[in-house]
Amino acid sequence: MRAHVLQHVPFEGLGSIEPWLTARHARVTWTRFFEDPSLPEAADVDLLIALGGPMSVNDESLLPWLRAEKSFIARAISLGRPVLGICLGAQLIANALGARVYPGPHKEIGWHPVYGAPAEGGPLAFPGEFLAFHWHGETFDLPPGAVCLASSDACRHQAFRFGTNVLGLQFHLETTPASLDALVERCRDELIAEGAYVQTEDTLRDAPRQTYATINALMASVLNALVTDRTAAPAPALESNTVKGSVPYA
């Protein structure tokens with residue numbers, strides 16, 4: 001299996017997804033946009049993973065590679081490849097599928113509960129309630145044809161699927177103590193924001209090891225379903241203008 005990773009900043013990596021890929025002897029390739037925005041042929045990728053980052057999907061004037069990235073994601077979806085997006089990655093998928101991305105009503109940073117909709121998820125279903133790590137200020141409309149899989153008190157669309165081969169997660173199940181530390185070190189200034197859903201650095205770091213183990217196990221379960229069960233009901237066909245990257249957004 002060739003897994004290709006879209007990485008937007010050096011301090012947001014694969015976390016617990018890395019050992020999952022290693023256990024499956026995956027050949028991992030990268031597009032690190034902060035170094036080189038070159039992309040492979042989508043047809044050569046067996047699994048596409050789009051990671052997080054502090055930028056917005058609407059920053060094309062500042063980061064012109066965003067348009068090519070969204071077109072690449074749309075192409076991978078149209079080919080029926082398994083596609084996973086985390087945080088910014090989920091927003092990129094939503095935008096590539098024609099949905100708006102915009103500032104949410106609340107900034108959500110820390111360990112907050114998420115409420116799954118198990119009846120909607122099929123093989124990608126989430127538990128009725130679980131704790132997840134969050135670090136985001138923007139949200140998105142649900143793309144046409146997508147199904148919402150989870151919500152939180154601060155954010156209506158926390159997870160969605162498009163068919164069974166495309167999954168967007170606003171929250172972070174891949175978080176490890178090391179990846180949380182890297183994010184805090186580089187984005188500590190965001191923790192001073194006022195709001196009911198922004199936790200302190202001490203609260204972020206106080207999570208027990210079992211909390212990480214639980215979310216990482218859920219991440220592995222989701223990846224297994226995404227890769228194994230995708231042939232059951234592939235993603236709906238995309239409209240031609242979406243595949244070409246002509247994406248409407250605010």
Side-chain angles (χ1 to χ4, degrees), residues 6 8 39 42-43 45 47-53 55-60 63 65-106 108 114-126 134 136-152 154-171 173 222-223 225-227 229-250:
L6 304 175
H8 305 96
L39 293 160
V45 175
L47 169 64
L48 180 63
I49 301 171
L51 298 176
M55 61 284 293
S56 170
V57 304
N58 300 318
D59 286 343
E60 289 183 5
L63 304 168
W65 46 260
L66 280 165
R67 180 166 289 276
E69 181 182 19
K70 285 181 274 189
S71 295
F72 179 75
I73 290 170
R75 174 63 175 160
I77 293 171
S78 72
L79 291 172
R81 300 299 192 262
V83 179
L84 171 67
I86 297 171
C87 202
L88 172 66
Q91 296 165 7
L92 286 162
I93 292 173
N95 202 219
L97 292 173
R100 289 191 313 129
V101 177
Y102 48 89
H106 305 282
E108 193 173 20
V114 177
Y115 310 103
E120 302 292 345
L124 295 174
F126 289 93
H134 307 255
H136 69 98
E138 292 198 316
T139 187
F140 49 83
D141 291 333
L142 198 64
V147 177
C148 184
L149 302 182
S151 303
S152 71
C155 181
R156 181 179 180 185
H157 297 142
Q158 281 284 357
F160 70 92
R161 66 173 174 84
F162 187 71
T164 59
N165 66 300
V166 181
L167 179 65
L169 304 179
Q170 184 62 75
F171 48 87
L173 296 177
V222 165
L223 283 164
L226 186 66
V227 171
D229 296 324
R230 68 186 179 88
T231 56
L238 298 179
E239 297 180 2
S240 59
N241 65 330
T242 302
V243 174
K244 291 177 183 177
S246 179
V247 182
Y249 55 83

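The residues of the chain are indexed from 1 along the displayed sequence. A quick note: this is a predicted structure, and the numbers were derived from the prediction, not measured.
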Practice task
Using the side chain to side chain contact (heavy atoms under 4.5 Å, CB included) rule, take V83 and L167 through it: C-alpha gap first, then chi angles, then the decisive distance, then the call.
Solution key: CA-CA 6 Å; V83 179; L167 179 65; over 6 Å; no

Practice task
Mind jotting down which residue pairs meet the side-chain hydrogen bond (donor to acceptor under 3.5 Å, both in side chains) criterion with at least one end in residues 142-151? Sequence neighbours excluded, please.
Solution key: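 Listed once each, the pairs would be none.
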
For the residue pair [X] and [Y], what are the closest heavy atoms and their distance?
X    : Y    : value
A225 : P123 : CB-O, 3.2 Å
L66  : S56  : CD1-O, 3.4 Å
A94  : P143 : CA-CG, 3.7 Å
A154 : P105 : O-CG, 3.9 Å
I86  : F171 : CG2-O, 3.8 Å
R75  : A42  : CG-CB, 3.5 Å

From [X] [atom1] over to [Y] [atom2], what is the distance, rounded to the nearest 0.5 angstrom?
X   : Y   : atom1 : atom2 : result
W65 : L39 : CH2   : CG    : 10.0 Å
L97 : K70 : CG    : NZ    : 11.5 Å
L92 : I73 : CG    : CD1   : 4.5 Å
L51 : L88 : CG    : CG    : 9.0 Å
Q91 : N95 : CD    : CG    : 9.0 Å

Practice task
Check side chain to side chain contact (heavy atoms under 4.5 Å, CB included) between A119 and all other residues, then give those that pass, not counting sequence neighbours.
Solution key: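 In terms of side chain to side chain contact (heavy atoms under 4.5 Å, CB included), with neighbours along the sequence ignored, A119 is linked to no residue.
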
Problem - Residues that H136 engages under side chain to side chain contact (heavy atoms under 4.5 Å, CB included), provided they are two or more places apart - result: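 Per chain and number, H136 pairs via side chain to side chain contact (heavy atoms under 4.5 Å, CB included) with C87, E108, H134, C155, Q158, Q170.
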
Practice task
Take I77 and I93 through the side chain to side chain contact (heavy atoms under 4.5 Å, CB included) test and state the conclusion after the steps.
Solution key: CA-CA 9 Å; I77 293 171; I93 292 173; 4.2 Å; yes

Side-chain contact, heavy-atom cut-off 4.5 Å: [X] with [Y]?
X    : Y    : result
L124 : L226 : yes
I49  : L6   : no
Y102 : V57  : no
L47  : R81  : no

Practice task
Sort and list the pairs that fulfil salt bridge (Lys or Arg N to Asp or Glu O under 4.0 Å) and have at least one residue in residues 137-150, not counting sequence neighbours.
Solution key: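 Found R100-D141.
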
Handout entry: salt_bridge(E120, R161) N-O dist < 4.0 Å
Key =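 No, no charged N to carboxylate O under 4.0 Å.
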
Practice task
Could you pull out all residues at least two apart from F140 that satisfy ring-ring contact (aromatic ring centres under 6.0 Å, His included)?
Solution key: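 With sequence neighbours excluded, F140 shows a ring-ring contact (aromatic ring centres under 6.0 Å, His included) to F160, given in chain and number order.
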
Handout entry: Stepwise side chain to side chain contact (heavy atoms under 4.5 Å, CB included) check, L173 with F126
Key = CA-CA 12 Å; L173 296 177; F126 289 93; 4.0 Å; yes

Practice task
With sequence neighbours left out, write down each residue that passes side chain to side chain donor-acceptor pair (under 3.5 Å) with H157, or none if nothing qualifies.
Solution key: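 Once residues adjacent in sequence are excluded, H157 has no partner under the side chain to side chain donor-acceptor pair (under 3.5 Å) criterion.
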
